[in-house]
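Here is the structure we will look at.
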Amino acid sequence: MRKLSWFFLFQIILISTTVSAQKSAIYTYDLKDFDKALALYNDKQYASAQLIFEHVKNTENPAITEEVQSDCAFYIANCAIRTNKANADALVEKFVEDYPTSTKQNQAYIEAAQYFFEQGNYPKALMWFDKVDEAYMSKNEADKFNFMKGYSYFNAKKKKEATNYFNKVVNSKEYGSQAKYYLGFMAYEGDDYKEATKYFDEVSGEEKYKEKLSYYQADMNFKLGNFQKAIDLGQQAMGKSNEIEKSELNKIIGESYFNLKQYGKAIPYLEQYAGKKGKWNNTDFYQLGYAYYEQKNYEKAISQFNKIIEGRDFVAQNAYYHLGLSYLNSGKKQEALNAFKNASEMDFNAQIQEDASLNYAKLSYDIGNAYQTVPGILLDFLKKYPNNSSRAEVEKLLVDSYISTKNYKEALVLLEKNRTPENKAAYQKVLFYRGLELYNESNYQEAGKMFKSAISEQKTPEFTARATFWKAETEYLNDDMQNALLTYKQFAGMAAAKSTDEYKNINYNIGYTYFKLKEYDQAANSFQAQIDNSPSDKTRLNDSYLRLGDCRFVTSKYSAANEAYAKAIAAKGVDADYAQFQKALSYGFMSNNAKKVDELNNFIAMYKKSSYRDDALFELGNTYVAEKKNDQAIKTYDQLISEFGNGTFISKAILKQGLIYYNSDRDAQALTKFKKVAAEFPKTPEALEAVATARLIYVDSGKVDEYATWVRTLDFVSVTDAELDNDTYDAAFKQYSQNNSKAAITGFAGYVSKFPNGLHALEANFYLGQLTYADGSETKSIANYQYVIDQPRNEFTEQALNRLAQIYLKAKDCDKAIPVLVRLEKEADYPQNKTFAQANLMKCYYDKKDYDNSVVAADKVLENPKSDAGVKADAQIIVARAAMQTGNEDKAKTAYAKLATTSKGELAAEALYYDAYFKTKEGKFEASNTAVQKLAKSYSAYKYYGAKGLVLMAKNFYGLKDSYQATYILDNVINNFTDYPDVVEEAKRELSAIKMEESKTNSSINK
């Protein structure tokens, strides 16, 4: 029994041992795969490890306990994280959910967080750090966790949270230095330099922080105002810094030198600064510009200051002020004016504003100002800064500016408000020059008032004398000859008059005044005095000989007259033909017809185009008649008729031929001539005489019926009503000759009504037109003048054409004026009427935009030697403007250049503007700017051209690569000249074009 039992026991033991051995083999096999996966995990072969862990976890074997499955799930999630599997987050969360009691739950969060931290994915790391239960960590784990989480917050710019975690490890052996570094950095970024310095000092001995710390310490010392230390630290850090840091260090060092006023040392560093995100701000440009300014390198200073466009702060005001000084030191006054204007309009620094305003005012006086009147600028300065140390200087400039700007109208307004004793001399000058302006505008009434006021001031003898002279001129032109003579004599008697330009021609003016008063002997004496005293003035010398001759002629001193006329002829000046003609007439009055005939024949041979040629031919024919040389007389009249088919003397010449035939008993030839006069020149006095003389021939020959038959064909002769016709006309003419205007108007109107085609219809209509015109009823007179000009050429035609043209011109009715002016120009015998017609034709054609005809008329005016300077100036402007309108700029340029030498006032401003305009087109930008400056200084009253000149100046500056000046000027034009919308629109177009072009060329760094 015992033996069997032992054997059974042995079997049990054996079986038990075998089973145990089998169980161990199974356990060993399963843990081996787990261990293999763990080994792969630790070897960072996460993908392979994950596969085995998943295999182990999913093996259906009782040996795979929940603990083993939990570990597998932990490692599977970690492998997914490390291989960036899309479901990694879900695997971690599932692990936590499936195994809530696993000791590895917290570790899973830590592992995930630390993995993402080490990958630099701090936002992801922070997400996992936030899931960690911080209570279940060892000291070493806690330090690592706190540092990493602190850094993740630091990276997320959450400084408060970062500071909290860094402070937990500040004493850690492993992480303390790093924490202090980042705590210092955050304090540095928060401008807490004391705190930053404390932390940085604690880690400064560690090599790995030295490079960065020197940069931060340099910056902190700069910000703390320790500029020399900032320079030293910055220079130390330069070699160990990257490109971005080097740029910032250059700024720190450069600005530190700048603050220490060591501008020469600052420049190289400021130049190397690359800007924030590749761009400079206004302060950067200002500092480098100011450094150059202090080194007297004004061109480079200008280059930097100019880049501060549209700035409106303290830096910009300071920059514009020093830009102005830089321009001033470079001799660029216009540019300086603009810069000072800009600085003076900002109030960030009161002292700079005042200084800029002073410089702006002085420069405005010096070179002119198109933005504002110079006196206004100076007065504004004195008002705003009454205690400025330069007040006395500015007050002097103010007085002088009234004269230099020629802005007399506004100057008067300003001076009327400031009638101080110091301004009295200036006030008199301005009154005088304003009087001259009005005189040149033909406003003689107002001009006379100004001259009278200037005389009453009695401050400066020279201007008192000159005002007296010009007062006399206005009186003369207003037909107040008695007062004109008295005033001219007052001027001549003034001691100060002798030094004036006006004095050299005083005898000439007095001579003409006596001449107008018909005091010919006195006039002759004055013209002789002019000849004796001013022989170098050829124009007036020639005219004085002519008028001297006229005075002697009128007073029957024909020999003396001829001496004067001979001098005028010898001078070969204007009106030599007139002198020659008058000389011939003088011989006739001296009963020397032979000499008269010789002189008239000489005239006809010499002057083919003279306006007196028809007079000479008619007078020669009359002289032949007087000398009973009838054949020569008839031949001369034929020449007159041939050359002047529509002239004033045609009807008279034909009548004269008829009378010659009548008086020499050649009745048939006489009747032919008389009938020609009656047919071609009805209603004229010549026609009436022709009819009357023809009647005698018919009566003498006994052919009364034939006469009656002929007369009935003439609508202006009524045999039965002739006496009533004559009586009615004579009654009206008697009132006219006695200056009884109202009665004469009634009489002539009655005659025209009763005898519309009467014997005297021509004369009656003309005199009625003259009377109603003089009475102010200009419109009523039109019908009468029209009647006169509708008749064949007669003695009244020219006057009627002239007066009718005046009426239409006054009414600005060019459509009606033009045909009248065309006739007047063609038919006028008097040169002044021809000139009047040409001058007004060119204006009418221009107003109607008929530029070609306006130029034709203007060219005639310019070619006419008898056109006065004012009319020629008008002609030049018409030529110039018409040429611009038709695109002929070469002709316009020539015309404006001529105009510039002769014109005054607004025309001179226009000519000067176009001088600048053409220079701009030719690329002569600086020369154009000089012309614009002259325009602003000398013609500031004409703001339209001043504004247009500024637009040109902006174009010039842009052409000179100065975009600041260009844009600044255009902005000012747009804001300040709204009264001239065409100029503002042009300025806007130019500004838009400049900005568009600048946007194409701007580099990323505005250096």
Side-chain angles (χ1 to χ4, degrees), residues 442 444-445 448 472 474-487 512-523 547 550-551 553-556 648 683-686 688-689 722-791 794-811 824 828-830 832-833 836:
S442 302
Y444 306 122
Q445 203 73 34
T474 60
E475 290 165 344
Y476 178 92
L477 290 169
N478 284 321
D479 288 324
D480 186 359
M481 296 302 162
Q482 290 291 354
N483 278 323
L485 181 62
L486 179 63
T487 309
Y512 257 105
T513 311
Y514 275 128
F515 193 83
K516 291 279 187 178
L517 288 167
K518 298 183 180 180
E519 296 182 27
Y520 298 112
D521 286 331
Q522 293 280 40
R547 297 294 82 80
D550 289 345
C551 290
F553 184 91
V554 171
T555 54
S556 303
T648 307
K683 304 174 186 176
T684 62
E686 290 77 28
L688 296 177
E689 187 176 351
E723 290 183 359
L724 179 60
D725 183 311
N726 285 322
D727 289 345
T728 304
Y729 175 77
D730 289 343
F733 189 80
K734 183 177 181 180
Q735 297 298 324
Y736 176 76
S737 63
Q738 293 176 351
N739 292 323
N740 296 326
S741 299
K742 289 185 179 180
I745 289 172
T746 302
F748 284 128
Y751 177 88
V752 169
S753 176
K754 291 176 183 176
F755 305 100
N757 296 309
L759 296 170
H760 306 286
L762 177 68
E763 299 99 311
N765 272 287
F766 177 73
Y767 292 133
L768 181 57
Q770 293 286 77
L771 288 164
T772 52
Y773 182 91
D775 195 43
S777 302
E778 297 173 1
T779 307
K780 286 184 180 179
S781 69
I782 292 175
N784 303 115
Y785 289 128
Q786 189 65 47
Y787 179 89
V788 174
I789 70 170
D790 285 344
Q791 307 311 309
N794 56 76
E795 63 182 301
F796 304 118
T797 302
E798 186 170 345
Q799 294 179 72
L801 285 168
N802 181 283
R803 188 52 57 81
L804 202 53
Q806 289 181 43
I807 294 169
Y808 290 142
L809 289 170
K810 187 174 182 181
L824 180 61
D829 290 322
Y830 290 97
Q832 60 267 37
N833 285 337
F836 168 80

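Just so you know, these numbers come straight off a predicted model, no measurement behind them.
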Ignoring hydrogens, what is the shortest heavy-atom contact between [X] and [Y]? Give both atom names and the distance.
X: Ala732; Y: Gly747; result: CB-C, 3.5 Å
X: Ala484; Y: Tyr476; result: CB-N, 3.7 Å
X: Glu475; Y: Thr487; result: OE1-OG1, 2.8 Å
X: Leu762; Y: Lys683; result: CB-O, 3.7 Å
X: Met481; Y: Leu517; result: CB-CD2, 3.5 Å
X: Val788; Y: Ala800; result: CG1-CB, 3.8 Å

Is it the case that the side chains of Asn794 and Thr797 hold a donor-acceptor pair, with the cut-off being a distance below 3.5 Å and no angle test?
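There is such a pair (donor and acceptor under 3.5 Å, judged by atom type) between the side chains of Thr797 and Asn794.
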
Are a donor atom and an acceptor atom from the side chains of Glu798 and Asn802 found within less than 3.5 Å of each other?
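No, no side-chain donor-acceptor pair sits under 3.5 Å.
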
Value rounded to 0.5 Å, distance of [atom1] in [X] from [atom2] in [Y]:
X: Ile789; Y: Asn784; atom1: CD1; atom2: CG; answer: 12.0 Å
X: Asp480; Y: Lys516; atom1: CG; atom2: NZ; answer: 13.5 Å
X: Gln806; Y: Leu801; atom1: CD; atom2: CG; answer: 11.5 Å

Would a 4.5 Å heavy-atom cut-off, applied to side chains only, mark Ile745 and Lys742 as touching?
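Of all side-chain heavy-atom pairs linking Lys742 with Ile745, none is under 4.5 Å.
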
Could you check if a side-chain atom of Leu809 sits within less than 4.5 angstrom of a side-chain atom of Phe836, using non-hydrogen atoms only?
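SC-SC contact between Leu809 and Phe836 confirmed.
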
Not counting sequence neighbours, which residues clear side-chain contact (heavy atoms from CB on, under 4.5 Å) with Leu688? List them please.
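Result, side-chain contact (heavy atoms from CB on, under 4.5 Å) vs Leu688: Phe716, Leu759, His760.
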
List the residues meeting ring-ring contact (aromatic ring centres under 6.0 Å, His included) with Tyr785, not counting sequence neighbours, and say none if there are none.
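Partners of Tyr785 under the ring-ring contact (aromatic ring centres under 6.0 Å, His included) test: none.
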
Verify, without hydrogens or angle tests, whether Thr555 (side chain) and Cys551 (backbone) share a donor-acceptor contact under 3.5 angstrom.
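Yes, Thr555 side chain to Cys551 backbone: donor-acceptor pair under 3.5 Å.
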
Is a donor on one side and an acceptor on the other found under 3.5 Å between the side chain of Asp775 and the backbone of Leu771?
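Not a single qualifying donor-acceptor pair exists.
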
Decide if atom CD of Gln832 counts as having more than 12 heavy atoms of other residues, nucleotides or ligands within a radius under 6.0 Å.
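Correct, the count exceeds 12.
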
Evaluation steps, side-chain contact (heavy atoms from CB on, under 4.5 Å), between Tyr787 and Val752
CA-CA 11 Å; Tyr787 179 89; Val752 169; over 6 Å; no

is_close_aromatic(Tyr514, Tyr520), centroid dist under 6.0 Å
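When the ring centroids of Tyr514 and Tyr520 are compared, they turn out to be at least 6.0 Å apart.
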
Got a sec, which pairs hit ring pair (Phe, Tyr, Trp, His ring centres under 6.0 Å) with one end in residues 763-784, sequence neighbours left out?
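Checked against ring pair (Phe, Tyr, Trp, His ring centres under 6.0 Å) - neighbours excluded - the pairs reaching residues 763-784 are Phe733-Tyr767, Tyr736-Tyr767, Phe748-Tyr767, Phe766-Phe796, Tyr767-Phe796.
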
